[in-house]
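Per chain, numbering begins at 1; letters A, B, ... match sequence-line order.
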Amino acid sequence: MESGINYTQNTLKTITRKKTSPWLVFLRQWQLYAMILLPVVYILIFAYGPMFGIVVAFKDFSIRRGILGSEWIGFKYFEQFLSTPHFYNLLRNTVVLSLYSLVAGFIMPIILALALNETKNILFKKTVQMVTFFPYFISTVVMVGIILQFLNSNGGFVNNVIKLLGGETINFMGIPSMWRHIYVWSGVWQGMGYGAVIYIAALSGVDPEIIESSIIDGVSRPQRVWYIDIPSILPTVTILLILSIGNIMNVGFEKVYLMQNNLNLDVSEVISTYVYKRGLVNYQYSYSTAVGLFNSVVNFILLIIANAVARRVGESSLW
Amino acid sequence: MAVNENIIRSINVKRRTVNYYTSISDKLYMLLVNIILWSALIVVLIPIIFILASSFSSAEAIAAGRVFLWPVEFNTRGYQLIFKTSAIKFGFRNSVLYTGLGTIINIIMTMLAAYPLSRKDFQGRSFVTVLFSITMFFSGGMIPTYLLIRSLGMIDTVWAMVIPNAMAVWNVIITRTYIQSNIPHELYECASLEGCGDFYYVIRIVVPLAKPIIAVMALLYAVGHWNSYFNAMLYLRSEKLFPLQIILRDILIYNMGLGSPQDVERQMERLYFSYLLKYSTIIVGSLPMMILYPFVQKYFIRGIMIGALKG
């Protein structure tokens, strides 16, 4: 079957190659080109356009003079960012927050998937999967709303329980040292079920014969998880890990921004929210573009390092 | 084949059961598994039930901290007020518009890109693939994108909500892979021998055969549109264009829309009422997703699987 298709395709190819020039092929495929024209134009304008716009980081940009008319100023804004007193704090907040969410957001779905894979009660398994998957569909705005209400000191669930047990109410969102934990664990709450799906898929692909023979050999359940289940999801884990390391500097701007208040700004200001405030609230376009570019470059370097390490250590890598 | 696998599986289940009851360590292990699953279930459910219970409670009970997982002094005043608020109505209407229009544009663009890329004999295939893939790793960033949208004159128009994210490259790749592996090339050869052009072929053959993946894509895009507030925050200025998420943000996070009554007694009452309002707003804001969830869940999982296995 397969070879048959290849055969016909190959003969077709040789026929076209012999009889027609590339120009004629292009003419014959004009409908395909017409189709892809719109997406290509879209990508050129809305993905490559802003990439060209990065030059404003090296210019003294003003809306009036436009990108081309503005003066070149080189690395002035990069130097300005690196020497601001905020720099160290921003970098630390960004890196700590994303490393923390990376670790927690990575381990919890794996544990959930392994546990779901072990249970024999299909109804229970389906229920757990359905319930834990649901929060993924909640929008960021509503999610932050839920966090604020749940931890509220005026009738929030946690404080109600604390009061019931005779404790003092706590203003969770006002305590800087609590902020990261709230951000990360609410993220786990929302993303755990979604993250588990992909591992469940990988686990269901384990050859039943391997499991059967391991049972015959008297392998215990914990051993089976360690020697069969975990190795079988390892390639998926590696790829996802590389991808998320490449995103380490892209902390979810939307949620961080909504969770900020004056009391927690010391730990909650990250590079992307800083870019937004400087660029679109204070209209310092060039400076904030430079900060954004710095962020992307660090990100890309991290991606390359992660990929190189993964290739050394294991077999899977992105390229 | 399928029957064989089923038999093997049923044998497996039996052996597992036997094994499970014989060993103490396995018993402890299963206990651990059940503890993990039950705690995951409870931890996810508690906040949802709490919000739901509070939204049906009285404002005074909420302020006094008497609400846990069951409504106290049951009433629906919060909901009654929400359905009278015009901002929420307008926001709802705008969100429906952006989601509908945006998703239609998304699907058209995704199909227009995915079909030619699925054709192995398409001349520009590798060039376009590279052109698209690069954008998954590099982007201009927030400010250059904003400046572009601004120079295109899209600020504060409906277009800013649907054009800048008209297509997601990742979704194009998944759709392309689906078409490639599910619609045989011979079908095209036959059709083209009969004189069928590419446009006609896409409309008559590809779209009907790719319905499952189109459904998955429509869901992914639609949920994205419905839940996003970021583009609206960047590009929209006038209130009459605000989508629901911006209205929700103003109520839930910025505590807006309360007014400022003069006398102290009414002020307290209003304050309490604003607590209640937030709970019912959360429920109303996620109601469309809650209703759709049971139906869309399996398509979503399918979408993740295709993306994971083929991507």
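Contacts of B:F230 with chain A are made by both backbone and side-chain atoms, with heavy-atom separations under 4.5 Å. Of the two parts of B:A114, neither the backbone nor the side chain holds a non-hydrogen atom closer than 4.5 Å to a non-hydrogen atom of chain A. Heavy-atom distances place both the backbone and the side chain of A:M130 under 4.5 Å from chain B. Of the atoms belonging to B:T145, heavy atoms from both backbone and side chain fall under 4.5 Å from chain A. In this structure, chain B has a heavy atom under 4.5 Å from the side chain of A:P135, while its backbone stays farther away. Proximity to chain A (any heavy atom under 4.5 Å) is restricted, for B:L234, to the side chain, taken from C-beta onward. Within the 4.5 angstrom heavy-atom criterion, no atom of A:V158 approaches chain B. Within the 4.5 angstrom heavy-atom criterion, atoms from both the backbone and the side chain of B:F199 approach chain A. Proximity to chain A is absent for every atom of B:M111, based on heavy atoms less than 4.5 angstrom apart. Heavy atoms of B:I253 lying under 4.5 Å from chain A belong to its backbone as well as its side chain. Using a 4.5 Å cut-off between heavy atoms, B:M167 contacts chain A through both its backbone and its side chain. In this structure, the portions of A:L38 lying under 4.5 Å from any heavy atom of chain B include both its backbone and its side chain. Interface remark: B:L248 contributes backbone and side-chain atoms alike to the contact with chain A (heavy atom separation under 4.5 Å).
Between chain A and the options B:T135, B:L32, B:L28, B:L45, the largest number of non-hydrogen pairs under 4.5 Å is found for B:T135. Ranked by heavy-atom pairs under 4.5 Å with chain A, the first of B:P164, B:G197, B:P294 is B:P164. Listed options B:L292, B:I36, B:L131, B:V43 were ranked by heavy-atom pairs under 4.5 angstrom with chain A; first place goes to B:L131. Between chain B and the options A:S272, A:G156, A:G66, the largest number of non-hydrogen pairs under 4.5 Å is found for A:G156. Ranked by heavy-atom pairs under 4.5 Å with chain B, the list A:F52, A:Y42, A:Y48, A:F46 is led by A:Y42. Chain A forms the most heavy-atom pairs under 4.5 Å with one residue out of B:I282, B:L69, B:I48, and that residue is B:I282. Comparing B:A166, B:P184, B:G285 by heavy-atom pairs within less than 4.5 Å of chain A, the highest count is held by B:A166. Contact count against chain A (heavy-atom pairs under 4.5 Å) is highest for B:Q297 among B:R249, B:Q297, B:R119. Put simply, of A:L258, A:I45, A:T132, the one with the most heavy-atom pairs under 4.5 Å next to chain B is A:L258. Listed options A:A47, A:G145, A:A57, A:G49 were ranked by heavy-atom pairs under 4.5 angstrom with chain B; first place goes to A:G145.
Put simply, the side chain of B:F68 reaches to within 4.5 Å of the side chain of A:L164, judged on heavy atoms. Here the side chains of B:L252 and A:V144 are not in contact, with every heavy-atom distance at 4.5 Å or above. A heavy-atom distance below 4.5 Å is found between the side chains of B:F132 and A:P39. By the 4.5 Å heavy-atom criterion applied to side chains, B:V296 and B:M289 are not counted as neighbours. Looking at B:Q123 and A:Q29, their side chains come closer than 4.5 Å, going by heavy atoms from C-beta outward. At least one side-chain heavy atom of A:Q129 sits less than 4.5 Å from a side-chain heavy atom of A:I200. Contact annotation: the side chain of A:N159 never approaches that of A:L151 to less than 4.5 Å [non-hydrogen atoms, C-beta and beyond]. No side-chain heavy atom of B:V44 sits less than 4.5 Å from a side-chain heavy atom of A:F134.
Relative orientation of the A:Y194 and A:Y136 rings is parallel, given thresholds of 30° and 60° on the angle between their planes.
A ring-centre distance under 6.0 Å is found for B:W38 and A:F124. Between B:F122 and A:Y33, the ring centre distance stays below 6.0 Å.
The environment of B:Y254 atom OH is dense: over 12 non-hydrogen atoms of other residues, nucleotides or ligands sit within 6.0 angstrom.
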Candidate pair B:Y279 and B:F50, rule ring-ring contact (aromatic ring centres under 6.0 Å, His included), full reasoning: CA-CA 9 Å; B:Y279 292 103; B:F50 167 70; 5.7 Å; yes

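From A:I146, atom CD1 reaches atom NZ of B:K278 across 13.5 Å, with rounding to the nearest 0.5 Å.
Residues passing the side-chain hydrogen bond (donor to acceptor under 3.5 Å, both in side chains) test with B:S280, sequence neighbours excluded: none.
Panel note: side chain A:E118, backbone A:A115; no donor-acceptor pair is recorded below 3.5 Å. Judged purely by atom type and a 3.5 angstrom limit, A:T119 has no side-chain atom pairing as donor or acceptor with the backbone of A:L116.
Residues of residues 287-296 of chain A lying within less than 4.5 angstrom of chain B, judged on heavy atoms, are A:S288, A:T289 in numerical order.
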